[in-house]
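By convention in this document, chain letters (A, B, ...) are assigned in the order of the sequence lines, proteins followed by strands, and residues within each chain are numbered from 1.
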Amino acid sequence: MAEPNQTGSLQVRNVSKLFGTFKAVNDISLDIRKGEFLTLLGPSGSGKTTLLMMIAGFLDISEGDIALDEASIANVPAEKRNFGMVFQGYALFPHMTVRDNIGYALSVRKRPAAEITARVDEMLELVQLQEFADRKPAQLSGGQQQRVALARALCFAPPVLLLDEPLGALDKKLRVEVQEQLKDIHRRVGTTFIYVTHDQEEALSMSDRIVIMRDGAIEQVGTPKELYERPINQFTAGFLGKSNFIQHNGKTFALRPEKIDLRASASHPDARLSGTVRSVTYFGSMQRVIVDASDGTEIEVDIDVWRNSETLREGDAVDLLWTDDAAVELQMG
Amino acid sequence: MPALTRHIHPGWLIIAPLLVLVMALYLGPILNILWLSVTDPEPGFGNYAKLGESDALIRIVWTTVRICIITTLFSVTLGYSIAYAMVHCHQRQKNYMLTLLLVSFWISILVRTFSWLMLLGRKGLVNVTLEDIGLIAEPIAFMRNELGVLIGMIHYMIPYAVLPLLVSMQSLDMRVMDASRNLGASGSQTFWRIYLPLTTPGIVASTLLVFILSLGFYVTPAVLGGGKVLMVAEYISVQLLVTLKWGTAAMLAAIMLMGVLAMLWVMSRFMKLSTVFGGAAR
Ligand SMILES: Nc1ncnc2c1ncn2[C@@H]1O[C@H](COP(=O)(O)OP(=O)(O)O)[C@@H](O)[C@H]1O
Ligand SMILES: [Mg+2]
């Protein structure tokens with residue numbers, strides 16, 4: 001729908017940000033491809049917003065460089081970078097109608113009124129807000145405000161769209177719905193999306209690639225599947241999905257709860273561990289079983305309820321089985 | 001009791017004693033003045049009719065309104081810049097500026113008025129200096145005219161203009177300005193399209209406050225106007241203390257009161273007054 005952008009790849013080169021002596025972002029390098037949906041995922045305080053603000057141009061870069069299509073933009077002021085941005089809390093203009101909010105970027109660029117009207121209509125349709133064009137932001141629900149913010153940021157067809165926890169203020173059910181819409185809009189406009197969140201489910205379901213951040217540095221970069229299947233350390237394995245950590249021959253392995261088989265005790269010679277069931281929690285699609293293993297550790301197992309009809313009870317003796325490729329060897333840290 | 005609170009917010013019961021006291025102490029005298037204006041010296045609207053007949057009265061009212069408008073214009077404009085600087089500078093400088101602002105509230109209006117005479121009078125610092133270095137032959141008439149009154153009044157009013165603007169600017173969400181810049185707006189576009197509209201309630205509050213306070217100005221016009229600039233407040237005092245025409249004085253007071261109420265009413269048609277005075281927008 002938007003005119004395809006020739007630009008939109010972003011190069012982050014050894015970027016750091018110092019607040020006084022505190023390093024909020026620490027030597028980050030990242031190649032962001034044109035048109036990709038890239039998520040910065042990390043706990044609160046890991047430097048996601050700071051990195052995004054440096055990309056947007058609201059914060060100076062202390063060390064390193066940021067380039068758009070290989071041309072440095074470190075010294076380009078925020079208003080000249082032409083990056084769209086959806087702010088945390090949206091930051092809509094409260095005194096303007098939805099239409100004027102969305103058309104603002106074109107209006108400050110002094111485009112002809114007819115062009116603005118046409119483009120705003122197009123954006124209103126994209127975010128399904130046609131009948132709300134003349135309302136003020138305060139008269140909209142949180143989800144609608146979020147869509148106005150998105151339309152406003154996309155209206156001038158920016159090469160890159162930056163989103164800082166855009167769904168943070170929405171309730172759970174609405175969030176899943178908006179995730180779908182956001183993903184759909186990304187497909188249709190082809191803009192590079194850089195998306196900040198601390199919600200791992202959001203990151204897994206939406207991203208082409210995820211950057212996991214901790215304490216201002218990158219822990220691991222990869223597709224959702226790569227990160228989920230091949231975490232390189234305990235932090236990534238624990239932050240993205242759930243994981244058991246198994247010590248074996250002085251090495252640590254990550255083992256996802258759904259990759260373990262539970263059998264009644266003593267029936268299997270190739271059991272890796274044995275233990276007793278401490279608790280069973282029913283989640284509808286699956287059951288979460290916590291097992292006190294004989295080596296003193298606690299193991300979480302997710303069982304498909306549908307295929308395992310035999311009922312487990314607290315105190316049952318069980319064997320734990322898994323295949324070699326289920327356990328992923330981790331680096332230290 | 002529960003039946004009562006169902007219709008009346010319990011908050012009202014708490015402030016009720018104060019409300020009664022304020023009514024008695026404020027409304028009483030005001031009603032008395034309205035009463036005087038239609039009964040003294042004789043019953044009827046004779047006092048109000050004078051407004052249409054007496055050129056002197058019309059001139060006084062017009063002078064007052066003109067001076068108040070100019071004072072308000074300058075005070076609010078200058079106050080806006082000062083408030084802007086205060087809100088957007090560093091914390092330390094902000095504290096200095098806030099202290100200076102408060103100090104100016106504590107200095108008596110008499111002191112502030114007379115110091116202008118020392119500074120800008122015929123034998124004041126400025127004129128003497130300019131004469132000494134030969135820039136002028138005759139002293140410039142800053143004082144004892146309308147210019148003097150305006151200088152004194154604007155100077156006195158600026159801190160009052162600053163306060164509502166300060167409140168309004170401090171409550172702004174600055175991310176909205178970031179959003180404007182991010183969308184490609186220059187600094188001046190952001191100011192005219194976003195910052196100024198969002199601080200309009202502060203401007204209205206500041207304008208109302210300064211204009212209404214200016215209407216009642218007495219000391220400054222009397223001292224700096226040198227008897228040539230007669231404003232309503234001074235005229236009322238003359239009627240009360242010298243010529244003893246209490247009816248005329250009461251009439252002018254009533255006119256001022258109604259003027260102020262009319263202004264508030266007009267404003268209230270454009271925006272909710274509670275937002276102007278710092279209440280929530282919705
Ligand atoms: N303006 C600032 N001054 C000092 N420290 C800051 C500033 N902004 C952020 N920080 C610090 O930098 C770290 C990263 O913050 P932020 O980027 O907001 O994290 P995130 O968005 O991942 O939650 C935090 O420890 C935060 O306290
Ligand atoms: Mg953040």
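In the displayed structure, A:His198 atom NE2 is contacted under 6.0 Å by at most 12 heavy atoms of other residues, nucleotides or ligands. At most 12 heavy atoms of other shown residues, nucleotides or ligands fall within 6.0 angstrom of atom CZ in A:Arg111. B:His90 NE2: 12 or fewer foreign heavy atoms inside a 6.0 Å radius. Enclosure of atom CG in A:Asp171 by more than 12 non-hydrogen atoms of other residues, nucleotides or ligands within 6.0 angstrom is indicated. Atom CZ of A:Phe19 has more than 12 heavy atoms from other residues, nucleotides or ligands within 6.0 Å. Within a 6.0 Å sphere centred on CZ of B:Phe74, other residues, nucleotides and ligands contribute 12 heavy atoms or fewer. More than 12 heavy atoms of other residues, nucleotides or ligands sit less than 6.0 Å from atom CZ of B:Phe105.
The closest side-chain heavy-atom distance from A:Tyr90 to B:Arg175 is not below 4.5 Å. Proximity of A:Val108 to B:Ser186: side-chain heavy atoms (C-beta onward) are nowhere separated by under 4.5 Å. No side-chain heavy atom of A:Phe93 sits less than 4.5 Å from a side-chain heavy atom of B:Arg193. Between A:Glu79 and B:Gln189 the shortest side-chain heavy-atom distance does not fall below 4.5 Å.
Considering all non-hydrogen atoms of both residues, A:Ala91 and B:Ala179 come closest at O-CB, 3.8 Å. Listed here is the closest heavy atom pair of A:Leu92 and B:Val176: O-CG2, 3.7 Å. When every heavy atom of B:Asn182 is checked against every heavy atom of A:Phe83, the shortest pair comes out as ND2-O, 2.9 Å.
Proximity to chain A (any heavy atom under 4.5 Å) is shown, for B:Ile194, by both the backbone and the side chain. Of the two parts of A:Leu162, neither the backbone nor the side chain holds a non-hydrogen atom closer than 4.5 Å to a non-hydrogen atom of chain B.
Of the possible donor and acceptor atoms, one in the side chain of A:Arg109 sits under 3.5 Å from a partner among the backbone N and O of B:Leu183.
Contact count against chain B (heavy-atom pairs under 4.5 Å) is highest for A:Ser107 among A:Ala153, A:Ser107, A:Gly57.
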